[in-house]
Amino acid sequence: MTRRYDPERRQRIIDAAIRVVGRAGIAGLSHRTVAAEADVPLGSTTYHFASLDELLIAALCQANESFAAAVRESGALADPECDVAAELARFTGEWLAGERTGVELEYELYLAALRRPALRPVAAEWCVAVAEVLSRRIDPVTARALVALLDGICLQVLLTDAVYDEEYAREMMARLIP
């Protein structure tokens, strides 16, 4: 039997894993469920990802990229006249106002690192990436504190179904910025 060249298969498997976790949580993730979701043979998932942790790492890397990329690509944050707290509060509001399932998925993958040590370096990358961007405008210690504050605010909104309060977020972040 001839192998069919499929350069997009690995990405389809990652996308399928994200959909499975979004629908059934990490507990519902298996090579079998991902293969069915991606419409690929079971062997393809284990060929590209020897373990579920490897697959979760790839999914977390992809999920992490959205918010960090938005912060990184923001022209506003590069402007020395920009109100960093207001801009971050606005970004966070846009992110939380997007597809709720996507945001919940990102946090589920992020928090999976509590029980899966292999995920911890990838989970930490998000914090580091956002803090690095912020460190171009404010000191690194304050940047890390802002990331922690954002994390806490986002988790509270997600866990309590509260409405995101942009003004509150801006005010709390402004208190941290010297």
Side-chain angles (χ1 to χ4, degrees), residues 7-8 10-19 21-23 26 54-114 116-178:
E8 301 299 318
R10 184 177 193 284
Q11 185 59 52
R12 283 200 331 268
I13 292 169
I14 294 168
D15 293 340
I18 289 172
R19 287 191 304 275
V21 172
R23 184 175 57 248
I26 290 178
E54 285 182 21
L55 183 53
L56 283 170
I57 287 169
L60 182 56
C61 284
Q62 184 167 310
N64 274 353
E65 190 52 31
S66 64
F67 187 82
V71 172
R72 196 173 35 251
E73 294 165 7
S74 167
L77 283 174
D79 179 358
E81 299 300 315
C82 167
D83 178 341
V84 173
E87 189 63 15
L88 276 178
R90 185 188 65 75
F91 268 152
T92 304
E94 286 177 4
W95 182 62
L96 288 169
E99 184 189 344
R100 176 86 176 200
T101 303
V103 175
E104 289 172 355
L105 166 74
E106 289 182 48
Y107 268 97
E108 183 162 2
L109 289 168
Y110 181 63
L111 293 173
L114 290 171
R116 294 176 180 257
L119 297 177
R120 289 180 186 159
V122 181
E125 283 176 14
W126 180 88
C127 297
V128 170
V130 175
E132 281 178 357
V133 172
L134 295 175
S135 292
R136 296 177 193 148
R137 292 289 316 282
I138 57 179
D139 68 276
V141 173
T142 302
R144 286 179 50 213
L146 284 174
V147 170
L149 177 61
L150 281 174
D151 246 353
I153 290 172
C154 290
L155 275 172
Q156 286 178 356
V157 168
L158 292 172
L159 294 174
T160 64
D161 286 325
V163 174
Y164 173 71
D165 184 342
E166 185 174 323
E167 183 53 32
Y168 167 79
R170 188 209 58 74
E171 183 181 327
M172 293 303 105
M173 286 186 270
R175 289 180 182 192
L176 292 176
I177 299 171

Working to the nearest 0.5 Å, report the span between [atom1] of [X] and [atom2] of [Y].
{"X": "Asp15", "Y": "Glu8", "atom1": "CG", "atom2": "CD", "answer": "9.5 Å"}
{"X": "Ile14", "Y": "Leu60", "atom1": "CD1", "atom2": "CG", "answer": "11.5 Å"}
{"X": "Thr142", "Y": "Met173", "atom1": "OG1", "atom2": "CE", "answer": "13.5 Å"}
{"X": "Arg170", "Y": "Asp165", "atom1": "CZ", "atom2": "CG", "answer": "10.5 Å"}
{"X": "Glu106", "Y": "Glu104", "atom1": "CD", "atom2": "CD", "answer": "11.0 Å"}
{"X": "Cys127", "Y": "Leu146", "atom1": "SG", "atom2": "CG", "answer": "12.5 Å"}

Return the minimal non-hydrogen interatomic distance between [X] and [Y], and the atom names on each side.
{"X": "Val122", "Y": "Cys61", "result": "CG1-SG, 3.5 Å"}
{"X": "Arg144", "Y": "Ala131", "result": "CG-CB, 4.2 Å"}
{"X": "Ala85", "Y": "Ala174", "result": "CB-N, 3.6 Å"}
{"X": "Ile18", "Y": "Ala59", "result": "CG1-CB, 3.8 Å"}
{"X": "Ile57", "Y": "Leu119", "result": "CG1-CD2, 3.4 Å"}
{"X": "Gln62", "Y": "Gln11", "result": "OE1-NE2, 2.6 Å"}

Query raised in the report: Quick check: are there more than 12 heavy atoms from other residues, nucleotides or ligands sitting under 6.0 Å from CZ of Arg19?
Result: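 Above 12, so yes.
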Query raised in the report: Between Arg175 and Glu171, is the closest basic N to carboxylate O distance under 4.0 Å?
Result: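 Salt bridge: yes.
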**Report entry** Note, Ile26 side chain near Arg116 side chain (heavy atom, < 4.5 Å)
**Finding:**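 Counting from C-beta outward, Ile26 and Arg116 do come under 4.5 Å.
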Query raised in the report: Would a 4.5 Å heavy-atom cut-off, applied to side chains only, mark Cys154 and Trp95 as touching?
Result: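 SC-SC contact between Cys154 and Trp95 confirmed.
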Query raised in the report: With respect to Thr92, which candidate in Leu149, Leu150, Val157 satisfies the side chain to side chain contact (heavy atoms under 4.5 Å, CB included) definition?
Result: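 Single side chain to side chain contact (heavy atoms under 4.5 Å, CB included) partner of Thr92 among Leu149, Leu150, Val157: Leu150.
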Query raised in the report: Under 3.5 Å, is there a donor-acceptor pair between the side chain of Tyr164 and the main chain of Ala89?
Result: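 Yes; at least one donor-acceptor contact below 3.5 Å.
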Query - Backbone N/O of Val84 and side chain of Arg137: donor-acceptor pair under 3.5 Å - result: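 No; judged by distance alone, with no hydrogens or angles, the pair does not exist.
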Report task. Apply the test side chain to side chain contact (heavy atoms under 4.5 Å, CB included) to residues Leu134 and Leu88: give CA-CA distance (whole Å), side-chain angles for both, the deciding distance (0.1 Å), then the verdict. Result -> CA-CA 10 Å; Leu134 295 175; Leu88 276 178; 3.7 Å; yes
